[in-house]
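Data first, discussion second: the structure below is written as structure tokens.
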Amino acid sequence: MKTIAISILGTSKDRRGKGDKRWDKWRPNISMCQHDDLLIDRLELLFDNHAQGLANQVTEDIARVSPETEVVHHRVNFRDPWDFESVYSNLLDFARAYTFEPEYEQYLVHITTGTHVTQICLYLLTEAGYFPGRLLQTAPARNNSNLPGQYQVIDLDLSKYDQIASRFQKEHREGTSYLKGGIETKNPAFNRMIEQVEQVSIRSDAPILITGPTGAGKSQLARRIFELRKQRGQLEGGLVAVNCATLRGENAMSALFGHRKGAFTGATTQRPGLLMEADKGLLFLDEIGELGLDEQAMLLRALEHKCFMPFGADREVTSNFQLIAGTNRDLAQLSCEGKFRADLLARIDLWTYRLPSLRERIEDLEPNIEFELETFARKSGYVVSFSKEARAAYLRFGCSPEATWPANFRDLNASIVRMGTLADGGRITTAVVEEEIQRLRHKWRRRDQSPADLRQCIESLLGPGRCETMDYYDQIKLAGVIQVCQASNSMAEAGRKLFGVSRTAKKSSNDSHRVRQLLEKYGLRFEQLSKDKN
């Protein structure tokens with residue numbers, strides 16, 4: 001297989017010295033052909049109209065040091081060798097017109113000569129595959145002798161460079177861990193989602209929509225995305241966060257887009273607005289579904305054109321920001337009801353991630369307890385920990401079906417704060433845990449479903465009016481069974497939760513059969529509930 005080098009004529013480096021003195025200097029294109037272990041069969045030499053004389057001299061010198069190397073001249077006029085667009089276009093045209101034969105030839109793209117812009121363009125075109133080869137970098141000998149110097153062949157397939165590839169993997173792991181707050185989470189689906197969020201955060205500045213129940217961690221994730229992008233030098237500005245539920249009427253328009261002095265009664269000074277404050281940074285709009293339709297229209301324009309009209313102004317202003325939106329509502333349903341603009345939803349729905357509730361990834365309860373203990377210690381100034389028995393009791397309750405965690409991680413944070421505060425000598429005892437469990441039971445009991453909630457849960461599956469034929473007691477039981485099934489991955493798992501005590505008294509228990517019988521009584525199937533859950 002022949003070796004073909006593609007190189008730019010170095011109008012400075014290849015011209016060094018006159019007469020025989022030129023042999024005392026290192027010249028990139030000539031030295032490239034002098035290495036005993038690098039045989040160049042053909043050199044494709046690129047230069048403009050003004051360098052024909054130098055190209056002829058270089059060709060003659062290569063014939064002296066490497067007579068087996070054929071030098072082919074190509075006229076490529078860059079006009080301005082420092083203009084990126086011009087250089088890239090000319091090199092791309094050359095690559096498209098050139099007949100590559102990778103079955104018979106291997107290609108080396110020499111990136112030592114030419115302007116820095118030219119070298120960057122050669123790199124980009126090689127990485128993109130327009131030049132189907134490897135990069136060649138040459139350099140003079142360290143002792144400045146007139147020897148051929150050094151060369152390095154660079155394969156852009158990074159999978160061949162274990163050290164470089166492992167560095168990328170390490171940075172990816174560090175970024176993923178950062179987005180999780182350093183918590184060693186165990187839920188596979190959650191971990192896969194955060195890994196993708198890390199990739200998107202680093203590679204894209206497009207809007208991100210974070211959905212999920214209240215307390216699932218939307219605000220924390222948005223802040224960590226901002227801090228990760230800031231660490232990687234991808235944002236210059238700051239983080240501006242606002243809960244849209246707090247914005248109403250003229251206040252919403254003014255707070256988001258700013259206003260001019262005198263725009264309305266009480267506007268005694270000019271206000272820049274949150275979008276302007278987020279210029280070159282990140283804007284987090286939590287509960288975006290609460291925005292009014294007028295504000296949604298202006299936000300859409302600001303996203304698409306990077307400009308908007310402050311309230312009371314007659315001239316647009318510009319702001320280049322990245323948007324992260326959060327919501328616990330179904331924006332698609334709101335759009336169908338005419339309460340959320342379909343065009344804005346399409347614009348912010350490019351990357352959508354739903355944060356699961358604590359109940360949905362209950363296997364992550366224990367590492368999150370450790371995280372909350374560390375957070376409490378940092379804020380309070382003293383360390384607290386569980387006794388072995390107390391930890392087991394708290395985990396047993398926290399993972400049980402009666403622990404609903406309706407406020408998700410806010411419930412967990414408040415619980416740890418209470419126990420940490422009551423821990424004498426920094427030790428959370430069984431007595432402290434038992435008191436906390438009773439407190440949580442009482443607290444969550446007050447949040448139990450109302451009759452209307454029960455009716456909606458049941459009649460969404462059994463049809464309207466069905467609750468009218470059932471006692472309230474039966475409604476409560478059926479709703480509980482439905483919720484457990486929806487939170488379980490199999491009938492066996494649901495059975496273990498529902499019959500956790502009675503099953504231990506049986507010699508052989510068939511949990512799946514008992515669940516099936518319960519559901520069949522009402523004409524339901526577990527697969528139906530599982531499908532609804534997803």
Side-chain angles (χ1 to χ4, degrees), residues 187 190 211-220 287 328-329 354-373 375-376 386 389-423 428-458 460-461 467 471-489 493-502 518 529 532-533:
N187 184 274
F190 179 76
T211 69
T214 299
K218 298 185 288 293
S219 298
Q220 290 88 338
E287 303 305 340
N328 63 0
R329 306 181 67 182
R354 179 187 178 276
L355 290 184
S357 66
L358 176 55
R359 247 330 319 168
E360 289 175 289
R361 55 185 187 102
I362 200 64
E363 63 267 46
D364 288 336
L365 176 62
E366 186 168 15
N368 274 282
I369 289 173
E370 291 302 316
F371 174 77
E372 295 295 347
L373 286 171
T375 302
F376 177 81
F386 285 89
E389 296 78 10
R391 174 185 288 273
Y394 190 73
L395 282 171
R396 194 161 49 245
F397 168 77
C399 295
S400 69
E402 66 173 319
T404 55
W405 301 108
N408 295 294
F409 295 96
R410 287 184 181 142
D411 270 344
L412 179 60
N413 171 263
S415 180
I416 296 297
V417 168
R418 284 192 294 266
M419 290 189 292
T421 303
L422 296 174
I428 301 175
T429 63
T430 304
V432 173
V433 166
E434 289 300 332
E435 182 182 350
E436 177 61 19
I437 289 174
Q438 292 306 315
R439 187 182 289 110
L440 289 172
R441 280 173 175 156
H442 177 71
K443 181 181 178 183
W444 293 340
R445 194 175 296 123
R446 290 180 298 162
R447 298 183 185 177
D448 281 346
Q449 289 179 310
S450 67
D453 294 331
L454 291 173
R455 180 182 293 271
Q456 182 180 4
C457 173
I458 294 170
S460 66
L461 295 167
C467 286
D471 290 333
Y472 185 56
Y473 170 72
D474 290 325
Q475 293 177 34
I476 294 174
K477 284 201 306 181
L478 178 57
V481 171
I482 290 172
Q483 289 172 348
V484 170
C485 289
Q486 289 177 331
S488 303
N489 295 316
E493 181 184 346
R496 288 192 294 272
K497 295 176 181 177
L498 291 168
F499 312 117
V501 176
S502 61
L518 269 176
L529 302 181
D532 288 343
K533 179 183 70 172

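Note that the structure is a prediction, hence the values are computed from the model and not measured.
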- Give, for atom CG of L355 and atom CD of Q220, the distance between the pair rounded to the nearest 0.5 Å. 9.0 Å

- Item | Gap separating the OG1 atom of T404 from the CZ atom of R441, nearest 0.5 angstrom | 12.0 Å

- Any donor-acceptor pair under 3.5 Å from S415 side chain to D411 backbone: no

- Message: Rounded to the nearest 0.5 Å, what separates atom CG in L373 from atom CE in M419?
- Response: 7.5 Å

- Message: Distance check, rounded to the nearest 0.5 Å: D471 atom CG versus L478 atom CG?
- Response: 12.5 Å

- Task: Go through the steps to decide whether I428 and Y394 satisfy the test side chain to side chain contact (heavy atoms under 4.5 Å, CB included), and finish with yes or no.
- Result: CA-CA 10 Å; I428 301 175; Y394 190 73; over 6 Å; no

- Side-chain heavy-atom pair V433, F397 within 4.5 angstrom cut-off: no

- Item | G398 versus A403, closest heavy-atom pair with distance | O-CB, 3.5 Å

- Item | Heavy-atom side-chain contact between R354 and E360 under 4.5 Å | yes

- Query: Rounded to the nearest 0.5 Å, what separation is found between the CG atom of L412 and the CG atom of D364?
  - Reply: 11.5 Å

- L518 and K477: side chain to side chain contact (heavy atoms under 4.5 Å, CB included), yes or no, with the steps? CA-CA 10 Å; L518 269 176; K477 284 201 306 181; over 6 Å; no

- Query: Can you find a heavy atom in the side chain of R418 that is under 4.5 Å from one in the side chain of L440?
  - Reply: yes

- Item | W405 side chain reached by S357 side chain, heavy atoms, under 4.5 Å | no

- Query: Hey, are R391 and E370 close enough for a salt bridge, meaning a charged N less than 4.0 Å from a carboxylate O?
  - Reply: yes

- Task: Would you mind reporting whether P213 and N408 have side-chain heavy atoms less than 4.5 Å apart?
- Result: yes

- Note on the structure: The reported gap from CZ in F409 to CG in L365 (rounded to nearest 0.5 angstrom) is 8.5 Å

- Message: Any heavy-atom pair between the side chains of N413 and F376 that's under 4.5 Å?
- Response: no

- Task: Please name the pair of heavy atoms, one in W444 and one in P406, separated by the smallest distance, quoted to 0.1 Å.
- Result: NE1-CD, 3.3 Å

- Message: Less than 4.5 Å apart, side chain to side chain, heavy atoms only: is that true for E435 and V432?
- Response: no

- Message: Give me the atom names and distance for the closest heavy-atom approach of R359 to S400.
- Response: NH1-O, 2.8 Å

- N-O pairing of E436 and R439 below 4.0 Å: yes

- Query: Which atom names give the shortest non-hydrogen contact between Q475 and C467, and what distance separates them?
  - Reply: NE2-O, 3.2 Å

- Kindly indicate whether the side chain of L529, heavy atoms from C-beta on, has any atom under 4.5 Å from the side chain of L461. yes

